[in-house]
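Quick notes on the structure that follows.
Chain A is the first sequence line, chain B the second, and so forth, proteins listed ahead of strands; every chain is numbered from 1.
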There are 2 protein chains.
Amino acid sequence: MTPSPDTPAPANTSANAPRPATNPTADRLVEATRDLLWERGYTGTSPKAIQQRAGAGQGSMYHHFAGKPELALAAITRTAGELRGLAEELLSGPGTAVERVTGYLRRERDVLRGCPIGRLTQDPDVMADPVLRAPVEETLGWLRGRLAEVLAEGRANGELPPSVDPSGTAATVVAVLQGGYVLARAAGDTAPFDQAITGLLTLLAPPQQP
Amino acid sequence: MTPSPDTPAPANTSANAPRPATNPTADRLVEATRDLLWERGYTGTSPKAIQQRAGAGQGSMYHHFAGKPELALAAITRTAGELRGLAEELLSGPGTAVERVTGYLRRERDVLRGCPIGRLTQDPDVMADPVLRAPVEETLGWLRGRLAEVLAEGRANGELPPSVDPSGTAATVVAVLQGGYVLARAAGDTAPFDQAITGLLTLLAPPQQP
DNA sequence: GTCTATATGAAGATAGAC
DNA sequence: GTCTATCTTCATATAGAC
């Protein structure tokens, strides 16, 4: 494209991979898209809104990205990476299995905003596009798998009863999180989220009766 | 209400209450709106799409309803009523407390479509409008309360251990449902939903070890 | 009650100047 | 790289005839 020596541009022009937002304007566009996808979803997010929030013009946006889907892919990919990194950090950290799961469940969250990945599940245009859908499916799938490993550890070392199926329980754990967000948003209050988490932990590791 | 003998029309012209769709066309419009809200959400549903699905014209729609918000209110109210009626039927039916909760969790569901009420929680325009939001908040709040009553019953008669907090556990139960939908949609498969439910029930009523 | 015409602005982009 | 103009279609109604 640009044979001249003064363009250290990334060679990433493949159709599949999102361009890494190495440029400051491109980066602000991706960040704006992340915010808006979280707040308003894919359908509810317009190119104009993205431009305004990023402080970028029309031409600028279409220079860096082919259009809304490409921007969304960059945004979703970045968010998914962050979420996964944070989860991995907590789940592979120190502590017993139950402690780590508890730590993950109790980690600080912007409860009323909901889960930036889980919410995409409700966006029909995202789910209809295999490219946009893939990171959503992967991230939540990975999370269930990783939690299942930790729970299996806990069962193996006697923290959890043998009746606890790691895979099924992992699904329950992630579901409580995702559903907790729904309840909190419905109530306009974080309390139901906290209740749901506490309720789950009580069932998972009941208070000892000596 | 209706002094003239030839107009059996309902006197429901109050601003707050949605007109009961007594008219066949109005009814089809509400049903179409229900479907579309479920599939595409509020932002993703246009008046034109509603008209097409209902087989009604532009003028017809605006004759029966003031606009999209009024139609949405009628649709949401009807859906909320159905959901509540079904839950009440199962939760106040025969069986032990745990059996009734299990029956409610295992009831037939259109899992991949998700919860028609819970999904509205992700719609910023719905949550921003107190009138549209109210039935969502009420329905999910009622459900938690009703489940808490049943769980309290179960604890009182020894089905559940004293460590089980009815309110918290009720939040957990509803969260697992709502989150189960999210996982199923993300995976494009109902399996994670079923796993989440089974995982919860295993924790709630562990297999006896004699 | 239902239909058609008309209207305003937003959505989502392309073209080409600077 | 960024900006402004232009374009097409859609969203969401209103007006008034039938």
Closest to side chain of [X], choosing from [options]:
X: B:Pro69; options: C:dT2, D:dA13, C:dG12; result: D:dA13
X: B:Pro47; options: D:dC3, D:dT12, D:dT4; result: D:dT12
X: A:Gln58; options: C:dA11, D:dT4, D:dT2; result: D:dT4
X: B:Tyr62; options: D:dT12, C:dG12, C:dT2; result: D:dT12

Rounded to the nearest angstrom, tell me the gap between atom [atom1] in [X] and atom [atom2] in [N].
X: B:Asp27; N: C:dG1; atom1: CG; atom2: P; value: 15 Å
X: A:Met61; N: C:dA13; atom1: CE; atom2: C1'; value: 9 Å
X: A:Lys48; N: D:dC10; atom1: NZ; atom2: P; value: 18 Å
X: A:Leu36; N: C:dA11; atom1: CG; atom2: P; value: 11 Å
X: A:Gln51; N: D:dC3; atom1: CD; atom2: C1'; value: 12 Å
X: A:Gln52; N: C:dG12; atom1: CD; atom2: C1'; value: 14 Å
X: A:Leu29; N: C:dG12; atom1: CG; atom2: P; value: 15 Å
X: B:His63; N: D:dT12; atom1: NE2; atom2: P; value: 22 Å

[N] phosphate, OP1 or OP2, under 4.0 Å from [X] side-chain N/O:
X: A:His64; N: D:dT2; value: yes
X: B:Thr25; N: C:dT2; value: yes
X: A:Lys68; N: C:dG12; value: yes

Reckon B:Gly59 touches a base, only the sugar-phosphate, or nothing at all at heavy-atom distances under 4.0 Å?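 It contacts base atoms.
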For A:Thr45, report the nucleic acid contact type (base, sugar-phosphate, nothing); a contact means any heavy atom under 4.0 Å.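 If one applies the 4.0 Å heavy-atom cut-off, A:Thr45 turns out to touch the sugar-phosphate alone, with no base involved.
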Separation between CD (B:Gln178) and CD (A:Gln178), nearest 0.5 Å, reads 11.5 Å
Given side chains that start at C-beta, do those of B:Thr169 and B:Leu204 come closer than 4.5 Å, heavy atoms only?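 Counting from C-beta outward, B:Thr169 and B:Leu204 do come under 4.5 Å.
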Do you know which two heavy atoms are closest between A:Ala75 and A:Leu37, and how far apart they sit?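 Closest pair (atom of A:Ala75, atom of A:Leu37, distance): CB-CD1, 4.0 Å.
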Between B:Arg106 and B:Thr198, is there a side-chain donor-acceptor contact under 3.5 Å, judged purely by atom types and distance?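 Looking only at side-chain atoms, B:Arg106 and B:Thr198 do form a donor-acceptor pair, the distance falling under 3.5 Å.
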Lys NZ or Arg CZ of B:Arg109 over B:Tyr104 ring: under 6.0 Å, within 45°: yes
